Each structure stands twice: as structure tokens, then as C-alpha cells.
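Single-structure report; data block below.
Positions are given from 1 along the sequence. Note that the structure is predicted; figures quoted are calculated from it, not measured.
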Amino acid sequence: AFKSNPWNTFSVGYSNPLVLDLDGESDGKKEVVVVGSGGYLSAFSASGSTMWSILTSNPGVNTPSAIMMDSDRSGLPCIVIPDSNYPSIRAYSHQGYDVAGWPATSAFRFTRVAAVVGDANLDGTPEIIGGDYSCCVTCWNPTGHWNTGSPGSSFLWRNLTGSSGT
């Protein structure tokens, strides 16, 4: 299956594939999510058939990550990907739809990076961490409320590192 379409014709630029159980079926097979150099974020089944494909503003330079989000309410992973053309991180459901409350805005755009998912503040819930093009690393809760400093905001912190995210 890896020597036939879409695997041998899908150009990804600098993006790396995300391999995970996206559909939640008990078949034991993983799916592949990747953003192509043409800007399409696509999910493929283990057999190589296209599950969904959506046009984004990312021309294949950033890598998708997965996170469970309560705002999606499906119990299946969501896809988060830093945006290389706009200063934001975008979130999509396991079916490729926008997740409510997203994108998360940032001060600068993201280039050749992936958002990291992990429990940064040890509260038992994974956060989303991204390093932008201007040396800032930012951390958000995955709630979709992005008004920095406002009540209910998921913005946790920003740190100037002195090293760009590229």
C-alpha cells in the first residue's frame, strides 16, 4: 500500500506525518494525518484511502499533533497544527472539522514546528505548547478560550527564549 497512491504522490514539504488511531475503531489499525505542500491537511486510512482532506493556510511546513479535547465531545483525538501564514494554532476534529473556540492566536507565526502536547503544569490535563517564529514559547489549556488574561482564558504563559522556533 505504501508504493501506491496517495503515498508516492503526496508532497509534504517540511511536515512530518502523525500516525495514530484517529477513528477509534477496534480494528487495531492506525491512520495517518499529514499536511501537504499544497496546504491540504489530510487523513488517510491504513489502506491509503482518503478519510478527509481540508484546505488550510499551511503549505506543508508544520507538523500536526494530537490531543483529546473536551470541547470536541467525541472522545476521539483532535488534530492541532501551528499555522505558518497567520499567528495562530488551529484545531480540527477527528473528522476534519474546526473545533469550537479555535484558532488560538499568538503574537507571531509558526514556521517548521509542531505543537507539543503534554501536562506542562501537572494538573492532569494536557496543554498545548508552541514555539513561534520570534523566540516565544506559549502554553495554552485545550479549552478553546483564547482571550489572553480574560476570565476563562486558556492562555497559561509565554516565555521569551532567545532562540527562534525554526
Q: Under the side chain to side chain contact (heavy atoms under 4.5 Å, CB included) rule, collect the residues that match up with Asp98, sequence neighbours excluded.
A: Tyr92

**Q.** Test item: Ser15 side-chain N/O and Val34 main-chain N/O as donor-acceptor pair under 3.5 Å
**A.** no

Q.
Testing the basics here: between Ala115 and Pro82, what is the closest heavy-atom pair and its distance to 0.1 Å?
A. N-CG, 3.5 Å

Q: Go through the structure and list residues passing side chain to side chain contact (heavy atoms under 4.5 Å, CB included) with Asp123, not counting sequence neighbours.
A: Asp119, Asn121, Thr125, Glu127, Asn141

Q: Kindly give the heavy-atom pair with the smallest separation between Leu76 and Gly24, and that separation in Å.
A: CD2-CA, 3.5 Å

**Q.** Over all atoms of both residues, closest heavy-atom pair of Val99 and Ser93
**A.** CG2-N, 3.6 Å

Q. With Cys78, which of Met68, His94, Met69 fulfils side-chain contact (heavy atoms from CB on, under 4.5 Å)?
A. Met69

Q. Looking at CD of Glu31 and OG of Ser47, how far apart are the two atoms once the value is rounded to the nearest 0.5 Å?
A. 9.5 Å

(Q) Less than 4.5 Å apart, side chain to side chain, heavy atoms only: is that true for Leu20 and Val33? (A) yes

Q: Please list, chain by chain and in numerical order, all residues satisfying side chain to side chain contact (heavy atoms under 4.5 Å, CB included) with Ser88, sequence neighbours excluded.
A: Asp83, Tyr86, Arg90, Pro103

Q | Close side-chain approach of Leu22 and Trp52, heavy atoms under 4.5 Å | A | yes

Q: Answer yes or no: is there a side-chain heavy-atom contact under 4.5 Å between Thr56 and Ile81?
A: no

Q) CD1/Ile54 to OH/Tyr97 distance, rounded to the nearest 0.5 angstrom? A) 10.0 Å

Q | Between CD1 on residue Ile128 and CD1 on residue Ile67, distance to nearest 0.5 Å | A | 4.0 Å

Q) Taking all atoms of both residues into account, what is the closest heavy-atom pair of Val117 and Ser65, and its distance? A) CG2-CB, 4.2 Å

Q) At what distance, to the nearest 0.5 angstrom, does CD of Gln95 lie from CG of Asp23? A) 10.0 Å

